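Just below is one structure, and these are the notes that go with it.
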Amino acid sequence: MNIKLKCLSHTPLRGLNDPAPEVTAEVDAVLAHARADVEAFDPELIVIFAPDHYNGLFYDLMPPFVIATAAESVGDYMTLPGPLSVARDLALQMARFILDRDVDISVSHRLQVDHGCTQTLEELTGSLMRYPVIPIIINSVAPPFAPYRRVRRLGEVVGQFIATLDKRVLVVGTGGLSHEPPVPLLDGASDAISEFLICGRNPTPEARAARQERTIAAGKIYGSALSTQTPLNVEWDQAFIDLLLDGRLDTVDDFSIEEISKEAGRSTHEVRTWVAAFAALAAAQGGYSARRDYYRPINEWIAGYGVMSAEPR
Ligand SMILES: O=C(O)CCC(=O)/C=C/C=C(\O)C(=O)O
Ligand SMILES: [Fe+2]
């Protein structure tokens, strides 16, 4: 086995509410570099830890963790629609391995995934079909969440499974860092919003466009006095990146979900995908060397926007 890691933020607002051209050019250059790294590594498998934003998973049955044996992109927020080349048999083997090690995970044989999974896959590989992939969705948006220690443990067992493979494996985490886009909460929601959050699959084009417009409108005022969303938190982001750089993964076991939501925004919990990805790398190889490729708070994208890479020491 040979393993590498990439963790990246994603944003629904790329191309829809961009920051200054210098900033998008800077991010484009970082992403081009990341993509060249992936091209050179030529992975035989990508394991991607990703969140969902009420496109594939709803409160009619909201699992903490899901592994997909087949997945299709809904094509939201300018991302590519269509199927992902999921490594079906390997995904099933991985699910069995995880369950055998006392970590509960659901299996989906037909999962819809959104920009939270596909934007990063597209940025790193140029397509949804280029390499065999196993999507693992970690609930990071629809409370209640499994605690961070369970996410770390999930990552560990996935890493142990990867260690059994004779393959080049790229582990990806996507989401975060600090941010709070206008994703509705079930608690206190109107009947119409509750209905959407419980079973809002396959929205009409009009409903999809209205969701997108709400997010664009929020992006236009994010970080200003007009916004009611929790702002970006650069200190929180730096501390989290430092924790990963130092390999202090077990400190996430003490993370308080409520405190993070208050300090850094409710969608900051997408960093759970980074926790799982780093834990997988650490467990597969017994240690890693990581670098921070990029960080910038970008209000227009509602994103504490970061990119990290890591590989075995
Ligand atoms: O229904 C919607 O589209 C609600 C908004 C939404 O899904 C926003 C997603 C934002 C991110 O992916 C993010 O900031 O990480
Ligand atoms: Fe997201």
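This is a predicted model, so every value here is computed, not measured. In each ligand, atom 1 is the first atom listed, and ligand 1 is the first ligand listed.
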Any N/O pair Glu270/ligand 1 closer than 3.5 Å: yes
Numbered atoms and elements of ligand 1 in range of Pro12, under 4.0 angstrom, heavy atoms: 9 (C), 10 (C), 11 (C), 12 (O), 13 (C), 14 (O)
Location of contacts on Tyr77 toward ligand 1, heavy atoms closer than 4.0 Å: side chain
Under 4.0 Å to a heavy atom of His179 - the qualifying atoms of ligand 1, by number: 13 (C), 14 (O), 15 (O)
Interatomic distance, His179 atom NE2 to Ser9 atom OG [nearest 0.5 angstrom]: 7.5 Å
Shortest reach to atom 7 (O) of ligand 1 by a heavy atom, considering only His10, His53, Arg266: His53
Ligand 1 contact on Arg214 by region, counting heavy-atom pairs under 4.0 Å: neither
Reported CE-to-CD1 distance for the pair Met94 and Ile67, which is rounded to 0.5 angstrom: 5.0 Å
Structural part of Gln212 in contact with ligand 1, heavy atom criterion under 4.0 angstrom: neither
Metal proximity, His115 vs the Fe ion (ligand 2), N/O/S cut-off 2.8 Å: no
The Fe ion (ligand 2) to nearest N/O/S of His53 below 2.8 Å: yes
Side chains of His10 and Thr174, donor plus acceptor under 3.5 Å: yes
Ring centres under 6.0 angstrom apart (Trp236, Phe240): yes
Carboxylate-amine/guanidinium contact Asp250 Arg152, below 4.0 Å: no
Side-chain heavy-atom pair Tyr131, Val38 within 4.5 angstrom cut-off: yes
Which N, O or S atom of Glu270 lies nearest to the Fe ion (ligand 2), by name: OE2
